[in-house]
Participant: 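So that we are looking at the same thing, I have put the structure below in structure tokens.
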Amino acid sequence: MPYIPHTDEDVKSMLDTIGVDSIDDLFDEIPKDILAKNFDIPEGISEMEMMRLMSERAAADSNVSCFIGAGAYEHHIPAAVWDVVSRGEFLTAYTPYQAEASQGTLQVIYEYQTNMANLTAMDVSNASLYDGGSGMAEAALMAIRANRKSKSRKVLVPRTVNPLYRDTAHNIVNNQNIELVDVDFDKQGGNTTLESLKQYEGEDFAALIIAQPNFFGVLEEVNELTDWAHANGMLVIAVVNPTSLALLAPPGEWGEAGADIAIGEGQPLGVPLSSGGPYFGFICCKQKIVRQMPGRIIGRTVDMEGKEGFTLTLQAREQHIRRSKATSNICTNQGLVMTASTIYVALLGADGLSLVAENCHENTNQLSKLLTSIDGVETAFDRPVFHEQVIRLPASSASVLEKLAEARIQGGIDLSTYYPELENCVLFCATETKTNDDLVAYQKALASVLAS
Amino acid sequence: MPYIPHTDEDVKSMLDTIGVDSIDDLFDEIPKDILAKNFDIPEGISEMEMMRLMSERAAADSNVSCFIGAGAYEHHIPAAVWDVVSRGEFLTAYTPYQAEASQGTLQVIYEYQTNMANLTAMDVSNASLYDGGSGMAEAALMAIRANRKSKSRKVLVPRTVNPLYRDTAHNIVNNQNIELVDVDFDKQGGNTTLESLKQYEGEDFAALIIAQPNFFGVLEEVNELTDWAHANGMLVIAVVNPTSLALLAPPGEWGEAGADIAIGEGQPLGVPLSSGGPYFGFICCKQKIVRQMPGRIIGRTVDMEGKEGFTLTLQAREQHIRRSKATSNICTNQGLVMTASTIYVALLGADGLSLVAENCHENTNQLSKLLTSIDGVETAFDRPVFHEQVIRLPASSASVLEKLAEARIQGGIDLSTYYPELENCVLFCATETKTNDDLVAYQKALASVLAS
Amino acid sequence: MLIYEKSQAGRRSISQAPLTSTKVSDIPEGLLRKKKAALAEVSEMQVVRHYTNLSRRNFSIDTQFYPLGSCTMKYNPRGAHKSAMIPGFLGRHPLAPESQSQGFLSCMYDLQEILKEVTGMKGVSLTPMAGAQGEFAGVAMIRAYHDSREDFERTEILIPSAAHGTNPATAVMCGYKVREIPVDKNGDVDLAALKEAVGPETAGLMMTNPSTCGVFERSIKEIASTVHDAGGLLYYDGANLNAILGKVCPGDMGFDVMHMNLHKTFATPHGGGGPGAGPIGVGDRLLPYMPTPIVGKDSVDGKDVYRWLDEKDIPQTIGRLSTYMGNAGVLLRAYYYARLLGREGMHRVAEYSTLNANYMMKRCENAGFELAYPGRRATHEFIITLSSQAKNLGVNAMDFAKRLLDYGYHAPTTYFPLLVPECWLIEPTETESPDELDGFVEAMIKIQKESEENAEMVKAAPYNQTVRRLDDVKAARELDLKWSPAQES
Amino acid sequence: MLIYEKSQAGRRSISQAPLTSTKVSDIPEGLLRKKKAALAEVSEMQVVRHYTNLSRRNFSIDTQFYPLGSCTMKYNPRGAHKSAMIPGFLGRHPLAPESQSQGFLSCMYDLQEILKEVTGMKGVSLTPMAGAQGEFAGVAMIRAYHDSREDFERTEILIPSAAHGTNPATAVMCGYKVREIPVDKNGDVDLAALKEAVGPETAGLMMTNPSTCGVFERSIKEIASTVHDAGGLLYYDGANLNAILGKVCPGDMGFDVMHMNLHKTFATPHGGGGPGAGPIGVGDRLLPYMPTPIVGKDSVDGKDVYRWLDEKDIPQTIGRLSTYMGNAGVLLRAYYYARLLGREGMHRVAEYSTLNANYMMKRCENAGFELAYPGRRATHEFIITLSSQAKNLGVNAMDFAKRLLDYGYHAPTTYFPLLVPECWLIEPTETESPDELDGFVEAMIKIQKESEENAEMVKAAPYNQTVRRLDDVKAARELDLKWSPAQES
Ligand SMILES: Cc1ncc(COP(=O)(O)O)c(C=O)c1O
Ligand SMILES: Cc1ncc(COP(=O)(O)O)c(C=O)c1O
């Protein structure tokens with residue numbers, strides 16, 4: 001029996017101890033009429049058979065050159081990261097409820113909190129949320145709780161924020177009658193302007209969300225936007241790409257007072273693309289609103305002998321203590337992936353992360369030049385970007401992308417799916433993993449698709 | 001600097017402590033005129049670049065259906081094996097010279113010794129040799145030392161023993177003027193017969209080597225051969241495939257008295273094909289000749305408090321103690337691979353190993369039937385085999401195998417390379433990893449090659 | 001020591017970042033970072049050594065028996081991990097075109113089908129990222145159901161008092177009020193109280209069966225009809241699915257919607273806190289509301305072709321709850337597990353986890369420990385109460401737990417469910433052998449003896465861990481939630 | 001506890017073997033096994049837990065500073081391990097056709113070229129499986145060389161007394177007599193003695209430079225010419241290559257043949273005893289005798305095509321020394337390391353390993369420890385002698401070593417080379433940071449103090465390991481080399 005160690009003899013002697021005749025007897029409190037019948041599922045197979053099946057299926061999706069970003073990025077992941085993360089002691093531990101038997105996990109989380117707080121220049125971080133999109137929902141809920149000056153259940157959300165995040169967040173918060181109010185973007189710059197916000201001045205909103213870079217890769221005027229929001233009684237929720245923080249001003253330093261909450265998708269920090277998960281959402285905030293933060297938080301303390309140690313803290317915010325009054329229902333988070341990011345950040349350091357960011361940025365610029373050198377291809381927006389770019393094609397982006405895919409190049413995403421007005425537009429990125437040959441191959445393939 | 005942690009400041013303060021001005025000063029005892037110039041080798045690259053290069057090169061050799069055996073076999077390796085073996089504590093430890101800080105490795109070796117001794121039904125095992133071929137050389141040398149009744153520096157070696165082993169062993173022992181004397185095989189059975197040995201009766205040989213199964217997959221009459229050797233004052237060196245020992249009589253039980261030494265290639269026990277290494281050679285022997293055994297041996301003992309522990313023992317046989325009088329020059333062995341085999345054996349157990357052996361055997365039989373159903377293809381020998389088979393083709397085996405390779409089927413090895421008399425013969429095996437579809441694909445490809 | 005304390009300005013793991021720098025000149029000064037982030041500057045070996053050594057300060061399934069009740073700490077197959085880590089799976093972008101995603105999509109589709117079958121539900125969506133998000137999806141669907149019928153009066157979710165904290169927290173996140181239903185002394189829902197509570201405001205009841213008390217809710221069908229009759233729906237908290245997998249299907253007990261904690265019942269690693277995966281299964285009534293994405297299968301030229309189902313296919317969906325496809329890698333691991341178990345293995349999960357729990361319970365009882373529900377069968381877990389030890393010896397459930405660590409066993413869940421005083425919720429799971437269970441009970445007996453002879457010693461446990469008992473009060477009072485360069489120098 | 005002691009008849013890790021049995025009927029009864037082998041019968045989880053926990057009883061580079069002299073315990077890049085474990089490499093059969101081996105062969109070829117360049121040798125064969133087999137190959141080539149010149153008189157190999165045990169053992173395996181050359185008090189070969197020893201029986205001299213005394217042999221060129229003038233050849237034991245990599249090439253010192261311990265200098269993991277790889281490099285005179293297989297490169301239609309060179313290409317070869325291609329996977333790891341270091345990194349190996357050793361030596365000296373060769377530079381390693389501690393305090397080199405374990409540092413090599421009494425051979429390697437070196441020296445200072453204050457305590461060390469000091473005498477007297485069912489029950 002797969003994974004069950006019992007021998008016939010074991011079973012017999014255990015049943016004897018219990019004082020029943022058969023395993024079935026142990027289920028005698030269950031009404032007979034609801035006992036399960038045979039399942040119509042495949043018979044069990046061996047590890048060997050399954051590994052072959054999985055290898056064949058994985059191979060079917062392989063050997064592509066991927067230029068899709070849109071919130072999930074192909075970065076080099078040092079071999080050490082997942083080798084260490086896959087150690088049984090990290091991989092197969094539960095939540096560190098018994099602190100003394102979980103100092104490894106606990107210290108890792110404390111270091112993770114430090115990394116994220118220092119990267120974002122915020123005061124504190126939690127121990128991870130599920131992912132970027134659901135993290136934005138938590139941030140909105142948190143802002144509504146935390147903004148004592150506002151009674152609003154509305155949050156301003158520029159359309160330049162990742163549409164998948166907006167969709168996810170909406171689906172989560174709408175059950176509490178919370179509204180995410182769209183703010184349109186400047187068609188030329190691809191950014192959120194103060195003009196477009198003017199109309200909301202005087203109205204009560206709990207928060208303004210600002211994505212930097214935004215979904216188009218475009219850089220927002222985060223300082224002005226932050227100050228505007230604060231001036232209008234809103235908190236600022238920053239949505240940031242952690243890789244970018246090696247180069248870009250961190251949320252904690254936006255404008256006069258800095259953002260109040262910073263969230264984002266942790267995937268770029270050592271987490272494989274892996275079809276979208278497990279990733280992790282990070283959330284950081286100002287110290288004064290830490291008690292509104294969702295999720296686990298680890299604190300440093302001492303033991304009976306005065307020795308440094310780590311433990312779960314501020315648990316009174318959490319569901320297992322506060323139940324219906326908790327800051328969130330989150331329990332299981334993304335611990336292992338968060339551990340991977342902690343090792344990744346240690347391996348890269350601030351300087352290494354800068355090099356990654358620079359090289360991604362340069363590759364995307366390079367590719368942008370190559371692609372726009374093709375007749376009829378142009379960049380869609382005129383403002384500075386970080387490591388991602390939108391181009392407009394002289395043909396339907398959906399069909400061009402399909403043809404590129406046949407050449408095993410995943411050229412980006414069809415923006416018109418999310419923004420009907422951005423017809424023929426493609427959002428792409430070229431990270432540090434791409435060589436010049438890769439970029440040229442994309443250019444050639446696109447040229448030939450467009451020529452055909 | 002890759003893997004070097006020193007900052008400029010570190011270097012400066014270290015040089016200060018030492019009392020020199022520069023690192024170059026530390027080399028002032030080396031004659032200036034032999035200092036190295038610049039190397040003409042590629043500039044350093046990053047892990048990301050290297051992983052890509054290696055992945056591309058590995059891919060070039062992939063996607064083949066391999067039916068080659070000839071001493072190295074494709075078996076399913078449980079994922080747990082290399083996950084656990086790759087833990088830093090196993091992977092990056094040195095030889096367990098400090099027993100108290102190496103109980104993990106030491107106990108593993110003790111368990112390995114137990115596994116091999118119990119599989120072969122011998123009294124003791126060492127902690128591994130390099131591989132099967134060099135192991136046979138060590139066994140021959142050991143037999144010459146151990147056979148007190150013989151003064152001979154000659155060992156009888158049937159030609160049915162793996163020719164690569166014979167070649168390797170010859171190259172090692174010939175420096176000591178030791179001769180490996182060929183014994184021819186029966187052309188019909190593909191085995192070593194008592195007849196062919198008769199001519200050596202009365203002559204002084206230190207040992208007879210017996211391979212079971214032999215290189216052709218054919219089963220030797222090990223009981224008769226063993227008794228013959230003993231009757232003629234020779235020791236018996238068994239060369240065995242560990243997978244086969246789940247089914248076949250173990251060397252310790254051959255004939256009246258059993259083999260004296262058993263060696264073999266450990267690769268089938270959880271070690272990837274990996275282009276030929278690292279594998280490991282195992283060697284087991286009767287207790288009474290253990291002091292002639294080469295290589296490390298671990299013993300169970302107790303600590304100061306009477307607690308069970310493990311330590312290197314019988315070191316007086318080894319080069320670091322006995323130097324020119326050591327039983328061998330071996331120092332570094334194949335520890336990690338031996339560890340993998342220990343975990344593999346624990347996962348399979350005797351019953352699991354039996355299932356592996358049975359299924360390999362069945363698949364080979366099945367394939368043999370399929371192939372010999374093709375016109376002109378026939379088995380070369382008429383005696384029972386284990387999990388490997390020789391067929392004779394109606395065409396040049398070299399060119400047929402080449403054409404099969406174009407269809408990405410590695411059909412076996414061209415036996416005529418090693419046995420000119422076995423023209424058009426191919427040695428193949430189909431292990432438990434092969435599905436019926438795989439076998440049929442081979443048959444179809446062969447039929448089509450032969451038809452063309 | 002923290003990694004930052006091993007840091008040295010200017011040190012780097014050179015090989016891990018690109019080797020060449022390309023200065024960025026096209027980003028306005030005002031948007032750039034001014035001071036580099038205070039992160040560790042260390043060598044690759046320092047990193048490997050630091051985190052390898054940290055890992056050694058953890059208990060885990062791979063190293064210890066870990067009978068943490070409600071958490072189902074069973075063996076996490078190494079093959080599942082390996083198969084999800086095949087480069088082709090790791091490298092697939094979540095927005096890759098369907099034509100280049102058939103391998104992944106077929107795994108997801110197959111998993112959906114298996115989960116449907118073993119839960120007796122009509123539809124499965126894999127996307128929720130943990131149990132709590134599965135609950136959210138479920139309750140949000142309940143809401144969508146009532147809303148679609150314009151039944152806006154239903155504002156309450158009923159929850160037994162023994163329920164896990166995520167249940168009430170979830171109900172609130174879905175905009176509901178929570179009404180607690182008491183649990184009687186046998187661990188069953190107080191039926192009378194339930195009957196009194198249900199009504200036109202009842203949107204649904206969230207419960208798990210077996211309950212968190214480790215006993216099977218015998219009146220489940222009556223509970224179901226009570227709620228259904230009042231127009232409410234029944235939510236099944238799948239945290240306890242391991243107790244019944246292969247024996248009873250939640251669908252057959254009358255549940256309308258449920259989540260499964262794949263990181264429990266389907267043996268995906270818990271990773272020191274996560275990730276999990278909390279797929280939901282629904283009965284007919286909730287099919288139209290399932291969260292996207294879901295994988296559908298078409299037949300094109302006689303070949304199976306898989307594709308994403310989204311708003312177009314499920315117009316009443318509650319929508320996506322994650323940026324992409326939830327914890328896809330966890331789902332691959334669960335799929336591996338499901339296929340290895342297969343038809344026969346699936347039935348054995350409940351059987352052997354129940355056997356182990358009842359065996360341990362009996363041994364505890366024989367050793368003199370007090371069972372919370374002595375007349376009842378254990379399910380996959382059971383509760384003992386140490387309240388007499390607390391009262392008579394001054395050694396409480398936490399002290400006992402800490403001392404257990406010294407014996408090399410992870411402690412059971414303590415103080416949950418809250419209604420049993422000084423409780424231990426013990427869940428051995430089916431993958432442990434009887435020797436391990438015996439060893440645990442023997443350690444308990446020893447601690448009992450130690451408590452009788454030297455309570456002070458037990459109360460100051462643990463002794464063999466990397467730290468002694470930690471000061472939680474200080475941790476909460478003098479918040480120290482991150483290292484910062486200033487603080488240390 | 002041994003795995004066998006966790007065994008239960010009939011238990012199995014089901015998923016790991018084929019699920020169906022096919023009875024074998026075509027093998028004669030007399031050739032079949034009668035009683036199944038006494039192996040453990042355990043579950044997959046038991047196996048994982050058992051060996052995971054065993055691993056935790058080891059010191060290793062990934063967890064500790066491990067300054068084992070002569071063993072070069074430097075960081076073993078995880079990337080090297082991963083790249084050698086790419087399925088395409090793992091799955092390649094050693095006898096696969098060359099047409100489907102170009103990826104692997106090109107790596108081997110590139111590695112040969114790099115090793116040639118950094119050693120200053122004319123040819124490299126990768127096939128020896130460890131240092132000792134490299135030595136064997138080298139000495140066998142020396143023999144082949146003399147034999148081919150029909151110079152059969154040369155029956156002796158000269159070896160400095162400080163040499164590693166493999167050197168004399170190898171010489172004997174190659175059919176030579178060994179003649180020891182004394183080492184003087186500065187750690188240099190006694191030149192006068194060497195000159196007296198060389199003669200027409202001299203086949204060659206085996207030595208390493210820097211010597212095992214941790215100092216550079218300053219008269220290397222005179223030694224070389226002495227041996228060469230007498231018609232002998234010069235063998236370089238590459239165990240100490242780390243000390244000179246990038247600074248001096250053995251080829252330029254006059255060596256005719258050498259091996260490299262890739263598991264030392266090229267950072268491939270030592271695996272608790274192996275595997276290693278001991279490629280050999282040769283000068284012009286020995287090129288015709290190199291062991292096979294070697295990888296050659298042809299150009300076919302302007303494309304590089306790699307192929308095996310064998311007896312046909314190298315008719316005077318000493319032949320193959322392994323069944324296939326030696327420790328191919330280790331060679332891949334070394335290739336990874338060589339490429340990451342590259343041209344610049346290669347030079348830094350000697351520089352920084354030497355810097356670390358000299359720094360530690362100075363710190364030891366300052367702390368009052370006695371250096372074996374006080375006037376000399378350390379190379380990549382250095383020796384201290386604890387003979388005054390042994391004499392005055394009764395605490396010897398082994399006691400000191402055992403106590404060091406309690407401080408979390410692996411002990412240096414003790415009692416080697418034999419000519420220095422109570423010696424510690426300390427090799428920090430270039431991958432350790434100064435903080436680690438400082439910590440080690442501070443532990444030494446503490447142990448010195450402990451020895452002065454409480455020698456008995458130190459002599460009974462270690463205390464913090466999983467076992468106390470082991471009884472080696474019992475181990476050798478009452479041989480217990482395997483578990484057997486009878487013995488235990
Ligand atoms: C009974 C019960 N319900 C719900 C949950 C929540 O599941 P998750 O942690 O996956 O969010 C848990 C997990 O701890 C649980 O034990
Ligand atoms: C100086 C010296 N020579 C030779 C060897 C033998 O090398 P190997 O262990 O790889 O056979 C060693 C290794 O310990 C050594 O230190």
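Chain letters run A, B, ... following the sequence lines, proteins first, then strands; residues in each count from 1.
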Participant: Only pairs of heavy atoms separated by less than 4.5 Å count here; which of B:N162, B:L401, B:I330, B:D123 has the most with chain D?
Facilitator: B:D123
Participant: Checking heavy atoms, do the side chain of B:R408, its backbone, both or neither come under 4.5 Å from chain D?
Facilitator: both
Participant: Is B:S328 close to chain D through its backbone or its side chain, or both, or neither, when contacts mean heavy atoms under 4.5 Å?
Facilitator: both
Participant: Would you check if there is a donor-acceptor pair between the side chains of B:Q334 and D:N327 at a distance under 3.5 Å?
Facilitator: yes
Participant: Would you check if the side chain of D:S60 reaches a backbone N or O of B:T92 as a donor-acceptor pair within less than 3.5 Å?
Facilitator: no
Participant: Heavy-atom cut-off 4.5 Å, strictly under: side chain, backbone, both or neither for D:A267 against chain B?
Facilitator: neither
Participant: Is there a side-chain contact between B:L26 and D:L355 in this structure, where contact means two heavy atoms from C-beta onward sitting under 4.5 Å apart?
Facilitator: yes
Participant: So which residue, B:Q113, B:M51, B:H6, ends up with the most heavy-atom pairs under 4.5 Å with chain D?
Facilitator: B:H6
Participant: Between D:I318 and chain B, which part of the residue has a heavy atom less than 4.5 Å away: side chain, backbone, both or neither?
Facilitator: backbone
Participant: Let me know if B:E432 has heavy atoms under 4.5 Å from chain D in its side chain, its backbone, both or neither.
Facilitator: side chain
Participant: Please state whether the side chain, the backbone, both or neither of D:V467 comes within less than 4.5 Å of a heavy atom of chain B.
Facilitator: both
Participant: Which answer fits B:A72, side chain, backbone, both or neither, if we ask what part of it has an atom under 4.5 Å from a heavy atom of chain D?
Facilitator: both
Participant: Would you mind checking which part of D:M73 comes under 4.5 Å of any heavy atom in chain B, side chain (CB onward), backbone (N, CA, C, O), both or neither?
Facilitator: side chain
Participant: Select one option (side chain, backbone, both, neither) describing which atoms of B:N115 are under 4.5 Å from chain D's heavy atoms.
Facilitator: both
Participant: Measuring from atom OG1 of B:T313 to atom CD of D:E478, what distance do you get when rounded to the nearest 0.5 angstrom?
Facilitator: 10.5 Å
Participant: Going by side-chain hydrogen bond (donor to acceptor under 3.5 Å, both in side chains), B:Q410 matches just one of D:Q100, D:H93, D:R92. Which one?
Facilitator: D:Q100
Participant: Going by atom types only, do D:N58 and D:S55 share a side-chain donor-acceptor pair under 3.5 Å?
Facilitator: no
Participant: Hey, are D:S21 and B:E358 close enough side-chain-wise for a donor-acceptor pair under 3.5 Å?
Facilitator: yes
Participant: Which region of D:D471, side chain (C-beta onward) or backbone (N, CA, C, O), has a non-hydrogen atom less than 4.5 Å from a non-hydrogen atom of chain B, or is it both or neither?
Facilitator: both
Participant: As an exercise: rank B:Q176, B:M14, B:E362 by heavy-atom pairs under 4.5 Å with chain D and give me the winner.
Facilitator: B:M14
Participant: Contact part of B:L245 toward chain D, heavy-atom cut-off under 4.5 Å: side chain, backbone, both or neither?
Facilitator: both
Participant: Could you check whether atom NZ of B:K307 has more than 12 heavy atoms from other residues, nucleotides or ligands sitting under 6.0 Å from it?
Facilitator: yes
Participant: Scan side-chain atoms only and decide if D:E44 and D:Q16 contain a donor-acceptor pair under the 3.5 Å cut-off.
Facilitator: yes
Participant: For B:V222, is it the side chain, the backbone, both, or neither that has a heavy atom closer than 4.5 Å to a heavy atom of chain D?
Facilitator: both
Participant: Name the region of B:I297, side chain, backbone, both or neither, that has any atom closer than 4.5 Å to a heavy atom of chain D.
Facilitator: side chain
Participant: Count the heavy-atom pairs under 4.5 Å between each of B:V11, B:D40, B:V64 and chain D, then report the option with the highest count.
Facilitator: B:D40
Participant: So for D:I220, is it side chain, backbone, both, or neither that comes closer than 4.5 Å to the heavy atoms of chain B?
Facilitator: side chain
Participant: Quick check against the 3.5 Å criterion: does D:R348 have a side-chain atom that pairs as donor or acceptor with the backbone of D:Y352?
Facilitator: no
Participant: Top residue by heavy-atom pair count (under 4.5 Å) with chain D, among B:G104, B:G335, B:S275, B:S324?
Facilitator: B:S275
Participant: Below 4.5 Å from any heavy atom of chain B, which atoms of D:E351 appear? Answer side chain, backbone, both or neither.
Facilitator: both
Participant: Measure distances from B:S55 to the heavy atoms of chain D and classify the residue's part below 4.5 Å as side chain, backbone, both or neither.
Facilitator: both
Participant: When the ring centroid of B:H320 is compared with that of D:F416, is the distance short of 6.0 Å?
Facilitator: no
Participant: Side chain, backbone, both or neither: which part of D:V47 has a heavy atom under 4.5 Å from chain B?
Facilitator: side chain
Participant: Looking only at the side chains, is there a donor atom on one of D:T170 and D:E135 sitting less than 3.5 Å from an acceptor on the other?
Facilitator: yes
Participant: Would you mind checking which part of B:I321 comes under 4.5 Å of any heavy atom in chain D, side chain (CB onward), backbone (N, CA, C, O), both or neither?
Facilitator: neither
Participant: Using a strict cut-off of less than 4.0 Å between a Lys/Arg side-chain nitrogen and an Asp/Glu carboxylate oxygen, indicate whether D:R468 and B:D303 qualify as a salt bridge.
Facilitator: no
Participant: Is any side-chain heavy atom of B:R87 closer than 4.5 Å to a side-chain heavy atom of D:D62?
Facilitator: no
Participant: Does any heavy atom of chain B fall under 4.5 Å from the side chain of D:K74, the backbone, both, or neither of them?
Facilitator: neither
Participant: Which atom names give the shortest non-hydrogen contact between B:C331 and B:Y130, and what distance separates them?
Facilitator: N-OH, 4.5 Å
Participant: Would you tell me whether B:D61 and D:S101 have side-chain atoms, one donor and one acceptor, within less than 3.5 Å of each other?
Facilitator: no
Participant: Identify which part of D:Y75 has an atom lying under 4.5 Å from any heavy atom of chain B, answering side chain, backbone, both or neither.
Facilitator: side chain
Participant: Side chains of D:K402 and D:Q465 only: does a donor on one sit below 3.5 Å from an acceptor on the other?
Facilitator: no
Participant: Of the backbone (N, CA, C, O) and the side chain (C-beta and beyond), which part of B:N38 lies under 4.5 Å from a heavy atom of chain D, both, or neither?
Facilitator: both
Participant: Please classify the contact of D:E432 with chain B as side chain, backbone, both or neither, using a heavy-atom distance under 4.5 Å.
Facilitator: backbone
Participant: Flag the one option from B:S62, B:P5, B:P272 with the top tally of heavy-atom pairs under 4.5 Å to chain D.
Facilitator: B:P5
Participant: Given heavy-atom pairs under 4.5 angstrom as the criterion, report whether the side chain, backbone, both or neither of D:E41 touches chain B.
Facilitator: side chain
Participant: Below 4.5 Å from any heavy atom of chain B, which atoms of D:R12 appear? Answer side chain, backbone, both or neither.
Facilitator: side chain
Participant: I need the minimum non-hydrogen distance between D:S83 and D:Y336, along with the two atoms involved.
Facilitator: OG-CD1, 3.4 Å
Participant: Side chain, backbone, both or neither: which part of B:S354 has an atom under 4.5 Å from a heavy atom of chain D?
Facilitator: neither
Participant: Examine whether an atom of B:A127 lies under 4.5 Å from a heavy atom of chain D, and if so say whether it belongs to the side chain, the backbone or both; otherwise answer neither.
Facilitator: neither
Participant: Tell me, for B:S128 versus chain D, whether the close heavy atoms (under 4.5 Å) come from the side chain, the backbone, both or neither.
Facilitator: neither
Participant: May I ask you to check whether B:Y94 and D:H410 place their ring centers less than 6.0 Å from one another?
Facilitator: no
Participant: Side chain, backbone, both or neither: which part of D:A338 has an atom under 4.5 Å from a heavy atom of chain B?
Facilitator: neither
